[in-house]
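Notes to accompany the following structure.
As the structure is a computational prediction, the values presented were derived from the model and not from experiment. Letters go in sequence order (proteins before strands), and every chain restarts at 1.
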Amino acid sequence: MAFWLFKSEPDEYSLQDLAAEPGGCGRWDGIRNYQARNFLRDQVSPGDEVLFYHSACKVPAVVGTAEVTRAAYPDPAQFDPDSQYFDPKASADEPRWHCVDLSWRSEFARPVPLAEIKQTSELENMMLVKQGRLSIQPVAVEEWHTIVRLGER
DNA sequence: GCCAACGTTGGC
DNA sequence: GCCAACGTTGGC
C-alpha cells in the first residue's frame, strides 16, 4: 500500500465533486502529462491512499483524502473526438492515457496550503516542493501523517 | 497571462 | 542518436 498526492483544479473537479458522486466514487481522468501517467499506469494500486490537492486556484492546498478503488485503465476520453481530452494518436490497441477510480475518504477540518507546506521542515523533501508541476506524485508515510495532522486543526 | 521545468517528438 | 521545438502543468 502506497501514498500519493493527486492534483486537481477545483473548477474542473474538486474534492467536493468527488464526495457528491454516487457512493463517493469517481473517475480520475484527463491526465495528459507523461510523468504523471507513468506513476498512474505503473504504480498506483487499489487500496493506495491519496492526498487530494487543489491546484491552479487562489489558495493551492491539500484539502482532504481519498482511496484508489480501481487500478489504471485506458482513459475513455482519449477516444472521444468531442472531448477536450481527445488524442488522435491514441488507439484502443495502444492507449496513450490512463485513469483510475477514486473513493472519497475525508475532508480536512482546514486546508493545508502549499505556502505552509513549504515552511514545514518535515515536508521540505516533498516532490510538491522540489518539482512543482507534477500532478501525481508519491508521498512518504511520514509526510502523509504530517499533512493529515496539520489538516486536523 | 507569464514563464520555468519537465518529458516527448521529430528533423537531420 | 543529437538536440531544438513543442505541449503540459501550475505557482506567481
Side-chain angles (χ1 to χ4, degrees), chain A residues 2-21 26-45 48-68 70-102 104-140 142-144 146-151:
Chain A
F3 297 93
W4 302 94
L5 182 143
F6 283 20
K7 294 183 182 178
S8 186
E9 301 187 17
D11 289 347
E12 293 287 325
Y13 195 77
S14 68
L15 179 66
Q16 292 73 27
D17 291 332
L18 175 62
E21 300 263 18
R27 174 184 294 154
W28 184 273
D29 59 3
I31 294 294
R32 293 296 181 270
N33 168 278
Y34 289 98
Q35 264 183 301
R37 191 275 313 265
N38 292 344
F39 278 129
L40 195 66
R41 185 190 57 189
D42 303 335
Q43 295 188 44
V44 174
S45 308
D48 286 358
E49 298 200 57
V50 172
L51 292 172
F52 201 109
Y53 179 92
H54 283 173
S55 67
C57 55
K58 194 176 284 181
V59 183
V62 180
V63 293
T65 63
E67 183 179 328
V68 179
R70 181 177 171 186
Y73 57 100
D75 182 348
Q78 69 193 306
F79 309 124
D80 176 5
D82 295 329
S83 168
Q84 61 168 321
Y85 296 119
F86 176 66
D87 185 341
K89 291 180 181 166
S91 67
D93 285 345
E94 288 188 60
R96 182 175 287 219
W97 306 108
H98 293 72
C99 57
V100 297
D101 288 350
L102 280 188
W104 180 87
R105 279 294 170 268
S106 72
E107 180 170 346
F108 287 170
R110 67 166 189 100
V112 181
L114 176 63
E116 182 174 341
I117 290 171
K118 286 181 171 173
Q119 289 167 6
T120 304
S121 58
E122 300 99 297
L123 302 175
E124 66 188 5
N125 289 321
M126 282 190 78
M127 291 188 77
L128 189 65
V129 176
K130 305 204 126 183
Q131 183 183 335
R133 294 157 192 82
L134 183 55
S135 46
I136 293 185
Q137 51 184 266
V139 172
E142 312 82 56
E143 293 165 350
W144 169 279
T146 301
I147 288 185
V148 168
R149 203 180 320 121
L150 288 171

- Query: With sugar-phosphate meaning primed atoms plus P, OP1 and OP2, does A:R37 contact a base, only sugar-phosphate, or nothing at under 4.0 Å between heavy atoms?
  - Reply: nothing
- Pick base, sugar-phosphate or nothing for A:K130, based on heavy-atom distances below 4.0 Å to the nucleic acid. nothing
- Message: Using 0.5 Å steps for rounding, measure from the CG atom of A:D80 to the CG atom of A:D87.
- Response: 12.5 Å
Protein-nucleotide distance ([X], atom [atom1]; [N], atom [atom2]), rounded to Å:
| X | N | atom1 | atom2 | answer |
| --- | --- | --- | --- | --- |
| A:K7 | B:dC6 | NZ | C1' | 12 Å |
| A:D87 | B:dT8 | CG | C1' | 12 Å |
| A:H54 | C:dC12 | NE2 | P | 17 Å |
| A:F6 | C:dG10 | CZ | P | 13 Å |
| A:Y53 | C:dT9 | OH | C1' | 11 Å |
| A:R32 | C:dG7 | CZ | C1' | 13 Å |
| A:R133 | B:dG7 | CZ | P | 13 Å |
| A:I136 | B:dC6 | CD1 | C1' | 15 Å |

Ignoring backbone atoms, establish whether [X] has a side-chain N or O less than 4.0 Å from OP1 or OP2 of [N].
| X | N | answer |
| --- | --- | --- |
| A:K89 | B:dG10 | yes |
| A:Y34 | B:dT9 | yes |
| A:Q35 | B:dG7 | yes |

Heavy-atom donor-acceptor pair, [X] side chain to [Y] backbone, under 3.5 Å:
| X | Y | answer |
| --- | --- | --- |
| A:S14 | A:E12 | no |
| A:R41 | A:P74 | no |
| A:D48 | A:A2 | yes |

- Note on the structure: Among the nucleotides C:dT9, C:dG11, B:dT8, whichever has the atom closest to the side chain of A:N33 is C:dT9
- Message: Go nucleotide by nucleotide along DNA chain B from the 5' end; which of A:R96 and A:Q131 gets its closest nucleotide reached first?
- Response: A:Q131
- Query: Applying the ring pair (Phe, Tyr, Trp, His ring centres under 6.0 Å) test to A:W4, which of A:F52, A:Y53, A:F39, A:W28 qualifies?
  - Reply: A:F39
